[in-house]
Every structure is written in structure tokens, then in C-alpha cells.
Amino acid sequence: MMIARSVILFALAALLEIGGAWLVWQGWREHRGLWWIAAGVIALGAYGFVATFQPDANFGRILAAYGGVFVAGSLAWGMVVDRFRPDRYDIIGAAICLVGVAVIMYAPRGN
């Protein structure tokens, strides 16, 4: 159950951070306006709180693992929202990152 909770929190964090950054990008680079930017800033702030709910208490471990989730999530976001087509190296790289997440977060430790 602890792993499922952690995975859900990582997914929510990715949605908030990637979505927030995308909203800022749209507001600024695509000239959609300050409301898009403001919504992005709020989402990015909410992302910061989501990480605090991870079961592991080590900030460095959580953020290091989240980096791998961010890589894979960013490619997925691009595919769904921007119709980006990742090549095989994008997919291989994302898979490597997710294996790293699993090792960092869920490897058995003698604590």
C-alpha cells in the first residue's frame, strides 16, 4: 500500500509540475496571457507541497527519484498535449529513468 501511495503522489506531482510549467510556457511564449501564467505558478506551488506527503522522509531521495518521474512524465505530457512523437532513444531514456526511480525509492533497505 505504501508503494501505491508513493506512485500516486509521484504522478500527482508530475501533473502539477509539468502542467504548471506548460501553463507558464503557454502564457508567455504563446501569448495566452497572465491568467495562464498565474495558473501555472499556482500549480507549481502545489507541486512543492505534494512531495511532502511522500512516505520517505528524505528530501534528497524524494527529489532525486522525482527527477526520473519528471523525465518520463514530460515525454508523456508532450505526447498527449502537444502531439510530440518521442523516438526510441526518448523512450529508452525514460525507461532507464523509471528504473532508477524504482531503485532509489523501493529497493529494500535494512532500516
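Starting from 1, each residue takes its place in the sequence as its number.
- In this structure, Arg29 and Val24 have side chains that are not in contact, with every pair of non-hydrogen atoms separated by 4.5 Å or more.
- Glu30 CD to Leu23 CG: the interatomic distance, rounded to the nearest 0.5 Å, is 12.5 Å.
- Residues Val101 and Leu63 share a single hydrophobic cluster, defined by chaining ILVMFWY side chains whose heavy atoms lie under 4.5 Å apart.
- Atoms CD1 and OG, from Ile62 and Ser6 in turn, are 6.0 Å apart once rounded to the nearest 0.5 Å.
- Note that CG of Leu44 and CD1 of Ile37 are 11.5 Å apart. Values are rounded to the nearest 0.5 Å.
- In this structure, Trp25 CH2 and Ile18 CD1 are separated by 14.0 Å, a value rounded to the nearest 0.5 Å.
- Residue pairs that meet the ring pair (Phe, Tyr, Trp, His ring centres under 6.0 Å) test with at least one member in residues 61-84, sequence neighbours left out, are Trp22-Trp77, Tyr47-Tyr66.
- The side-chain heavy atoms of Ile8 and Phe53, taken from C-beta on, include no pair separated by under 4.5 Å.
- Scored by the side-chain hydrogen bond (donor to acceptor under 3.5 Å, both in side chains) test, Arg5 finds no partners at all (sequence neighbours excluded).
- Note: the hydrophobic cluster containing Ile3 also contains Val50 (ILVMFWY, side chain heavy atoms under 4.5 Å, direct or indirect links).
- A 6.0 Å sphere centred on CZ of Phe59 holds no more than 12 heavy atoms belonging to other residues, nucleotides or ligands.
- Ile96 and Tyr89 fall into different hydrophobic clusters, where Ile, Leu, Val, Met, Phe, Trp and Tyr residues are linked whenever their side-chain heavy atoms come under 4.5 Å apart, directly or through other members.
- No side-chain heavy atom of Arg61 sits less than 4.5 Å from a side-chain heavy atom of Gln54.
- The distance from the CG atom of Leu16 to the CD1 atom of Ile42 is 11.5 Å, given to the nearest 0.5 Å.
- Leu15 contributes atom CG, which lies 15.0 Å from atom CZ of Phe10 (distance to the nearest 0.5 angstrom).
- Note on Val7 and Met2: separate hydrophobic clusters, where clusters join Ile, Leu, Val, Met, Phe, Trp and Tyr whose side-chain heavy atoms are under 4.5 Å apart, directly or indirectly.
- One hydrophobic cluster holds both Val80 and Val69 under the rule that ILVMFWY side chains link at heavy-atom gaps under 4.5 Å.
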